[in-house]
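One structure is given below, encoded as C-alpha cells.
No experiment lies behind these values; they were computed from the predicted model shown. Throughout, protein chains are lettered first and strands after them, A, B, ... in sequence-line order, and every chain is numbered starting at 1.
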2 protein chains.
Amino acid sequence: MAGVIGVKSLELFLLPLKPLANGIKMTDQLYKNINNKVKISEEDFKEFLSLTKTITVKKNEFFINEGSTAKYIAFINTGVLYSYTINNKGDKHVMQIALENHWISDLFSFLTNEPSLFNVQAIETSEIILLSKENFEKACNTIPAFERFFRLLIQNAYVSSQRRISRIYGNSAEERYLKLIKTHPKIIQSVPQLYIASYLGIKPQSLSRIRKNLYDK
Amino acid sequence: MAGVIGVKSLELFLLPLKPLANGIKMTDQLYKNINNKVKISEEDFKEFLSLTKTITVKKNEFFINEGSTAKYIAFINTGVLYSYTINNKGDKHVMQIALENHWISDLFSFLTNEPSLFNVQAIETSEIILLSKENFEKACNTIPAFERFFRLLIQNAYVSSQRRISRIYGNSAEERYLKLIKTHPKIIQSVPQLYIASYLGIKPQSLSRIRKNLYDK
DNA sequence: TTAATTAGTTAACCTAGGTGAATGTGTAAC
DNA sequence: GTTACACATTCACCTAGGTTAACTAATTAA
C-alpha cells in the first residue's frame with residue numbers, strides 16, 4: 001500500500017512511555033474537554049487518567065493501520081493527526097483531520113473490534129493521550145459520567161458525518177473551504193494543502209485555483 | 001416550508017391505533033430483523049413487542065418534522081419512508097431512503113431529545129412499528145439483548161454515513177446509481193426518481209441522462 | 001551542501017453534472 | 001371527464017472541478 005512503506009507502525013513505539021514534562025497543564029486540557037460535555041469530579045478524572053497513557057507519535061507515524069483493529073482512542077494534546085481510506089481505485093480520501101484538543105480513532109473498529117477501514121497517521125509529531133479498549137470499558141463501567149461522555153462522543157461523530165454529507169451536497173468546494181478555515185483557522189498552518197483538498201473532496205490543483213480566485217478578489 | 005403545507009403531521013394520527021389483520025406475519029419480520037444481529041428469546045421479543053405500537057402512515061404523511069423532537073424510532077413493515085433536510089438555500093437533500101424491513105428515525109434527535117434536523121415522510125402508505133423514547137429506554141434497561149441491538153443499530157448508522165462519504169468522493173454519479181440499484185433493486189419501483197437523484201447528490205435531469213446513457217449502451 | 005522528494009502553483013484543455021426551458025405522461029381532485 | 005399538478009425526459013448551453021504537464025518552492029536524506 002502506497003505511503004506505508006518505510007514508516008513504522010505506532011505499535012512498536014507504545015511501550016516505552018515517558019513521563020510528561022508539563023503533565024499538569026496537558027491533562028488540564030483533557031479535563032476541560034471532558035467537563036465541557038459532562039460534569040465529572042476531580043477524583044473521577046484522576047481515576048480515568050490512571051487508565052490512560054501519554055505517548056509521542058512522530059511525524060508520519062501510524063496510529064492505526066487499515067486492516068488491523070483500532071486498539072486505542074486518542075486525545076490530542078498537541079499536534080495534528082488525520083485519518084484516510086484508500087479505495088479500490090487507489091485514491092486516498094481524507095476522512096478526518098483532528099487538531100489539538102480533539103479525539104481521534106476509527107470509532108467503528110474500536111467499538112466492534114472489526115478491522116479498521118482507515119489509516120490514522122500523525123501529520124506532525126504529536127503528544128496524544130491513549131485509552132485502550134480494555135480501559136475504555138473499565139472507565140465506562142466504573143465511572144458513569146464517562147459512559148455518558150463517550151456515548152456523546154459517538155453521537156457527535158455520527159452527526160458530524162451527517163452534516164458533512166449535507167455540506168457536500170449543498171455547497172461548492174469554495175464554500176466548503178471557506179467554512180472549514182473559518183471554523184478551524186489553525187488548519188491552514190498545520191495541515192498540508194493536499195490533505196485539506198482531499199478532505200474537501202477535490203484535487204490539490206483545484207484548491208490552489210480556488211485560493212487564487214479568492215485572494216485575487 | 002415548501003412541501004409541508006396541506007400534509008398533516010403524524011402526531012395527529014398516533015392515538016387511534018388499529019389492531020393488525022396479519023399481525024403474526026408482520027412481527028415475524030421484525031423478529032428476524034432483530035435476531036439477525038443479536039440472539040433474543042421469544043419471551044424477550046414478546047415483551048419488547050408489548051412496548052411498541054403499529055400504525056399506518058399515509059402517503060406523504062410526516063413521521064418526523066424538522067425542528068420538533070423525534071419521539072419515535074420506526075421499523076418499516078411495509079412501505080417506504082425517506083428523510084431529508086432543507087438547507088438555508090432552500091434545496092432539499094434526501095438523507096435516507098428506508099425500505100421495508102429497515103429502521104428509520106432521526107437517531108440524533110431521538111437519542112438526545114434535541115430538535116430534529118430532518119423531515120421523515122412516507123413515500124407510500126406504510127405500516128410501521130413504533131417504539132417511543134420512553135419505551136426504548138425501558139427495553140434497553142430491562143432486556144440486555146435490546147440494549148446491544150440498538151447500540152449496533154447506531155454504530156451501523158454511523159458507519160454507513162462514513163461509507164457514503166467515501167462513495168461520494170470516490171465514485172461518479174453513474175457508479176453510485178448502479179451500486180444503489182444493485183444493492184436495493186426494489187428502490188426503482190417504489191421511490192420516485194427525483195428522490196433517488198437527490199439521495200445520490202445530483203439533479204433529476206442528470207439522473208435521466210445517466211439512465212439514458214446506460215440503456216443506450 | 002547538495003541531491004532527491006514532496007508540496008504548491010499555474011495554465012490549457014476536458015468532462016460530468018448543473019441550468020433552464022420545452023414536451024410528455026401519469027395520477028389526483030373536482 | 002377534464003383540469004391540474006407532480007414526475008420524467010430531452011436538449012442546448014454553461015461551469016465547477018478534473019487532468020496533464022511544466023515549473024517553482026520547500027523539505028528531507030545523504
Could you write nucleotides 11-28 of chain C as a row of B, S and -, 5' to 3', where a protein heavy atom under 4.0 Å of any base atom gives B, of only sugar-phosphate atoms gives S, and otherwise -? ------BBBB--------
For a side chain to side chain contact (heavy atoms under 4.5 Å, CB included) check, start with the C-alpha distance between A:Phe146 and A:Ile34, then their side-chain angles and the critical distance, and finish with the verdict. CA-CA 9 Å; A:Phe146 277 96; A:Ile34 294 172; 3.6 Å; yes
Between A:Leu194 (CG) and C:dT6 (P), how many Å, whole number? 11 Å
Over its full length, what angle do the end axes of the helix from C:dT1-D:dA30 to C:dC30-D:dG1 make, each axis taken from five pairs and the result rounded to 10 degrees? 50°
Whole-Å distance, A:Gln193 CD to D:dA26 C1', equals 13 Å
So, A:Gln29 side chain and A:Asn77 main chain: donor-acceptor pair closer than 3.5 Å or not? yes
Hey, what's the ring geometry for B:Phe45 with B:Phe48, parallel, tilted or perpendicular (30° and 60° as the breaks)? tilted
Over 60° means perpendicular and under 30° means parallel, so classify the ring planes of A:Trp103 and A:Phe150, tilted if in between. perpendicular
Provide, to the nearest angstrom, the distance between the CD atom belonging to B:Gln121 and the C1' atom belonging to D:dA6. 13 Å
Taking atom C1' of D:dA8 as reference, at what distance in whole Å does atom CD1 of B:Ile188 sit? 14 Å
If the plane angle is over 60° it's perpendicular, under 30° parallel, otherwise tilted; pick one for A:His184 and A:His102. perpendicular
Salt bridge or not between B:Glu175 and B:Lys179? Use side-chain N to carboxylate O under 4.0 Å. no
Scanning both residues in full, the closest heavy-atom pair of B:Ser126 with B:Gly79 reads OG-CA, 3.3 Å
Interatomic distance where NZ belongs to B:Lys92 and P belongs to D:dA6 [whole Å]: 11 Å
Quick one, A:Asn156 with A:Lys37, criterion side chain to side chain contact (heavy atoms under 4.5 Å, CB included). Give me CA distance, side-chain angles, the key distance, then yes/no. CA-CA 11 Å; A:Asn156 288 346; A:Lys37 295 251 171 67; 3.4 Å; yes
Once the angle between the rings of A:Tyr158 and B:Tyr158 is folded into 0 to 90°, is it parallel (under 30°), tilted (30 to 60°) or perpendicular (over 60°)? perpendicular
Protein-nucleotide distance (A:Leu214, atom CG; C:dT9, atom P), rounded to Å: 12 Å
Euclidean distance, atom CD of residue A:Glu124 to atom C1' of D:dT28 [Å, nearest integer]: 17 Å
What is the distance from CG of B:Asn60 to P of D:dC5, rounded to the nearest Å? 16 Å
Base, sugar-phosphate alone, or nothing: which one does B:Pro204 contact when heavy atoms must sit under 4.0 Å apart? nothing
